[in-house]
Amino acid sequence: MLRATFRRAWKDEFLVRPPEIEPPRDSAPRDRFLTKTEAKKLLDACETPHVRTFMAFAIYTGARKGSILALTWDRMHWQTGLIDFQEPRRTLTGKRRAIVPMTKALQKEMEETFKLSNGDYVVHWHGKPISNGLRWSFNKACERAGLTWRPTPHHLKHSVASWFAMDKVPIDQAADWLATDPDMLRRVYRKFDLSYLRSIADDFEL
């Protein structure tokens, strides 16, 4: 964004030439992720319906926080079993949003949640959307779950990607599910699924 700003200023003749800006280098992918056991504890530790609903979506779909908080009931397609995270009239950005099938566990959770809902938004507080995140509630749930570290909502997306890798879900399928670039996912997969290199190791001799 800074480079684009300087380039715009240069084109508008406010600068003789745009300065050279070295972009930050890529960091190593996150190593820490929740195990499925930890995720189950975290879900069970949610004391209020809106926090449990958010946590269920994050754990069972791997969707980003913004996608979950913006989800409305009209995009929960019960007959086809699909969840459409694509927000109408939202400008498309690099952070894509997916259409994913409901898992059986999530569908059961949402059927009960729908009975008690009193608004358009799936995750809501007294019928109103939650726009400022769930940081405090999320942290308290982590404490009650007895987690020895403090994950963030994004760690849940990373955890789902890690589970897919360990379950040997093909990268293209995982990328479509998580609305994430396959090259980015490949860095996660390489930590968990090295089976494609096993044959080289088995045949390697001096």
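Considering only heavy atoms from C-beta on, I83 comes within 4.5 Å of T61 through its side chain. Contact annotation: the side chain of F138 never approaches that of V51 to less than 4.5 Å [non-hydrogen atoms, C-beta and beyond]. With a 4.5 Å cut-off on side-chain heavy atoms, F164 and P170 do not count as touching. In this structure the side chain of F114 never reaches within 4.5 angstrom of the side chain of E111, judged on heavy atoms. Residues P151 and L34 form a side-chain contact, since some pair of their non-hydrogen atoms from C-beta on lies under 4.5 Å apart. Between D74 and D120 the shortest side-chain heavy-atom distance does not fall below 4.5 Å. A heavy-atom distance below 4.5 Å is found between the side chains of D183 and R186. Within the 4.5 Å cutoff, the side chain of L71 has no heavy atoms near those of the E87 side chain.
Taking a cutoff of 4.0 Å between a charged side-chain nitrogen and a carboxylate oxygen, E47 and R52 do not qualify as a salt bridge. Residues D44 and K41 are not paired through a salt bridge, judged by the lack of any N-O separation under 4.0 Å between the basic side chain and the carboxylate. We find that K36 and D167 are joined by a salt bridge, their nearest charged nitrogen and carboxylate oxygen being less than 4.0 Å apart.
In terms of modelled atom types and a separation under 3.5 Å, the side chain of T180 and the main chain of L178 share a donor-acceptor contact. Proximity of a side-chain donor or acceptor of Q107 to a complementary backbone N or O of K104 within less than 3.5 Å is not detected. Judged by distance alone, the side chain of S117 and the main-chain N or O of G119 form no donor-acceptor pair under 3.5 Å.
Looking at every heavy atom in both residues, F54 comes nearest to L69 through CD1-CD2, 4.0 Å. For the pair A70 and R75, the tightest heavy-atom approach, listed with the atom from each and the gap, is O-NH2, 2.6 Å. The nearest pair of heavy atoms linking M102 to L82 is CE-O, 3.9 Å. For A45 against A145, the heavy-atom pair with the smallest separation is CB-N, 3.8 Å. For F85 against S67, the heavy-atom pair with the smallest separation is CD2-O, 3.7 Å. The nearest pair of heavy atoms linking D84 to H77 is CB-NE2, 4.0 Å.
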Please step through ring pair (Phe, Tyr, Trp, His ring centres under 6.0 Å) for the pair H155 and W149, ending with a clear verdict. CA-CA 11 Å; H155 277 104; W149 63 294; 5.0 Å; yes
Using the rule given for side chain to side chain contact (heavy atoms under 4.5 Å, CB included), can you reason through Y60 versus L43, listing the C-alpha separation, both sets of side-chain angles and the distance that settles it, and then say yes or no? CA-CA 11 Å; Y60 289 119; L43 184 60; 4.1 Å; yes
Set out, in order, the CA-CA distance, both residues' side-chain angles and the distance that settles salt bridge (Lys or Arg N to Asp or Glu O under 4.0 Å) for K115 and E112, then state yes or no. CA-CA 5 Å; K115 293 176 184 177; E112 294 300 317; 3.5 Å; yes
Would V188 and S162 count as a side chain to side chain contact (heavy atoms under 4.5 Å, CB included) if you check the C-alpha gap in whole Å, the side-chain angles of each, and the deciding distance to 0.1 Å? CA-CA 7 Å; V188 177; S162 303; 3.9 Å; yes
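Taking the six-membered ring for Trp and the full ring otherwise, the centers of W73 and H124 sit at least 6.0 Å from each other.
Criterion: ILVMFWY side-chain heavy atoms under 4.5 Å apart, direct or through other members. Under it, I99 and V160 are not part of a common hydrophobic cluster. Y121 and I130 are assigned to two separate hydrophobic clusters, defined by single-linkage of ILVMFWY side chains at heavy-atom distances under 4.5 Å. A single hydrophobic cluster is seen to contain both W125 and V123, as judged by linkage of ILVMFWY side chains at heavy-atom distances under 4.5 Å, directly or through other members. Under the 4.5 Å side-chain heavy-atom criterion for ILVMFWY residues, a single connected hydrophobic cluster contains both L2 and W10.
Within 6.0 Å of atom CZ in R144, more than 12 heavy atoms from other residues, nucleotides or ligands are found, so the atom counts as buried in its surroundings. Atom CZ of R8 sits in a crowded spot, with more than 12 heavy atoms from other residues, nucleotides or ligands closer than 6.0 Å.
Between F33 and the choices E38, K157, M166, the side-chain contact (heavy atoms from CB on, under 4.5 Å) rule is met once, by M166.
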Let me have the donor-acceptor pairs involving side chains of residues 13-21, under 3.5 Å, with sequence neighbours excluded, atom names and distances please.
none

